[in-house]
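Below you'll find the structure, written out as C-alpha cells, and then a few comments.
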Amino acid sequence: MAGKGKGGRGAIEAKKSKTKSSRAGLQFPVARLGRFLKTGRYAERIGAGAPVYLASVLEYLCAEILELAGNAARDNKKTRITPRHLQLAIRNDEELNRLLGNVTIASGGVLPNVHAVLLPKKSAAKADAE
C-alpha cells in the first residue's frame, strides 16, 4: 500500500505556517480583524483584502499618533507617553483633530491658549512705565 503516511520516501515536509499579518508585512492582526468583520455582520460577505486594508489603515493611524505623541513627550523632556502627550499630539494636528474632534481623552487636559483680548495692551504698558 503506497499511502501518504508519515515518513518514508515521498514524505511531504510540513511548511512553517505564515500569518496573514506577516504576509502583508503588518503588525496589526489581519486574521482577527477578518473574524471581527465576519462576526460583526457588517456585510453578508467579506472579501479577502478587506481585513488587510483595515489592518493597514489602523496601523498607519496608530503609527502617526504615536510618532506625534512621542515628539510631544520629548518636547516635555519625558520618556513615557502619557494621555496629555496624546492630547497635545492630536489637537495640534489638523487632520487628526478633525478625525478625533468629538473624542474626549481622559486626563488629557486642554491646549494652552490665552485669548488675545485678555493679553495686556502694549501701548498701555509703555504709558505705565513713563
Side-chain angles (χ1 to χ4, degrees):
M1 272 209 227
K4 293 187 177 173
K6 294 181 182 177
R9 287 184 315 178
I12 300 170
E13 293 180 24
K15 287 200 313 185
K16 183 88 169 117
S17 62
K18 205 168 187 195
T19 63
K20 291 181 181 179
S21 297
S22 65
R23 282 189 193 133
L26 298 172
Q27 298 299 314
F28 270 53
V30 173
R32 184 181 302 174
L33 289 171
R35 187 179 76 237
F36 289 157
L37 285 172
K38 286 176 188 168
T39 58
R41 308 298 291 160
Y42 298 106
E44 235 178 85
R45 298 161 58 156
I46 303 293
V52 177
Y53 193 88
L54 179 61
S56 62
V57 168
L58 290 175
E59 185 173 317
Y60 169 74
L61 281 173
C62 283
E64 189 73 21
I65 291 173
L66 284 173
E67 182 184 351
L68 293 172
N71 293 343
R74 198 176 338 108
D75 292 343
N76 292 326
K77 298 184 179 78
K78 302 280 192 262
T79 56
R80 187 174 294 161
I81 295 175
T82 63
R84 174 68 177 161
H85 301 136
L86 289 171
Q87 175 83 318
L88 291 172
I90 290 169
R91 300 303 168 215
N92 284 323
D93 188 79
E94 185 181 333
E95 292 174 338
L96 285 174
N97 190 27
R98 197 168 353 125
L99 179 67
L100 302 171
N102 297 327
V103 173
T104 301
I105 297 175
S107 303
V110 296
L111 283 182
N113 184 28
V114 178
H115 202 281
V117 177
L118 299 174
L119 294 172
K121 304 261 189 302
K122 292 184 178 178
S123 59
K126 288 181 182 177
D128 290 339
E130 293 174 1

Review point. Is a side-chain donor or acceptor of Asp93 paired with a backbone partner of Ala89 at a separation under 3.5 angstrom?
Key: no
Review point. In Å and rounded to the nearest 0.5 Å, what is the CD to CG distance from Gln87 to Asn92?
Key: 9.5 Å
Practice item. Indicate the atoms forming the closest heavy-atom contact of Leu100 with Arg91, along with that distance. Key: O-NH1, 2.8 Å
Check your understanding: Going hydrophobic residue to hydrophobic residue with side-chain gaps under 4.5 angstrom, can you get from Leu58 over to Leu37?
Key -> yes
Review point. Any donor-acceptor pair under 3.5 Å linking the side chain of Arg84 with the backbone of Val110?
Key: yes
Revision key, fill the gap. Of all heavy-atom pairs linking Leu96 and Leu68, the shortest is CD1-CD1, 3.7 Å
Check your understanding: Do you know which two heavy atoms are closest between Gly47 and Pro51, and how far apart they sit?
Key -> O-CD, 3.4 Å
Review point. If you round to the nearest 0.5 Å, how far is CD1 of Ile81 from CZ of Arg74?
Key: 10.0 Å
Point to revise | Cluster link Val52 to Phe36, ILVMFWY, side chain under 4.5 Å | key: no
Exercise for review: Return each pair, listed once, that meets side chain to side chain donor-acceptor pair (under 3.5 Å) where at least one residue sits in residues 29-58; pairs must be two or more places apart or across chains.
Suggested key: none
**Study point:** Connected via hydrophobic side-chain network under 4.5 Å: Leu54 and Leu99
**Key:** no
Revision key, fill the gap. Scanning both residues in full, the closest heavy-atom pair of Leu26 with Ala55 reads CD1-CB, 3.9 Å
**Study point:** Under 3.5 Å: donor-acceptor pair, side chain of Ser21, backbone of Val30
**Key:** yes
**Study point:** Point-to-point distance, once rounded to the nearest 0.5 Å, from CG of Leu88 to CG of Leu111
**Key:** 6.0 Å
Review point. If two hydrophobic side chains count as joined below 4.5 Å and joins carry through other members, does Leu66 share a cluster with Phe28?
Key: no
Study note, to complete from the structure: Here the gap from Asn71 atom CG to Asn76 atom CG, rounded to the nearest 0.5 Å, amounts to 11.5 Å
Study note, to complete from the structure: Looking only at heavy atoms, the pair that brings Glu59 and Gln27 closest together is OE1-N, 2.7 Å
Study note, to complete from the structure: Minimal heavy-atom distance between Pro83 and Ser107, with the atoms involved, is CB-O, 3.8 Å
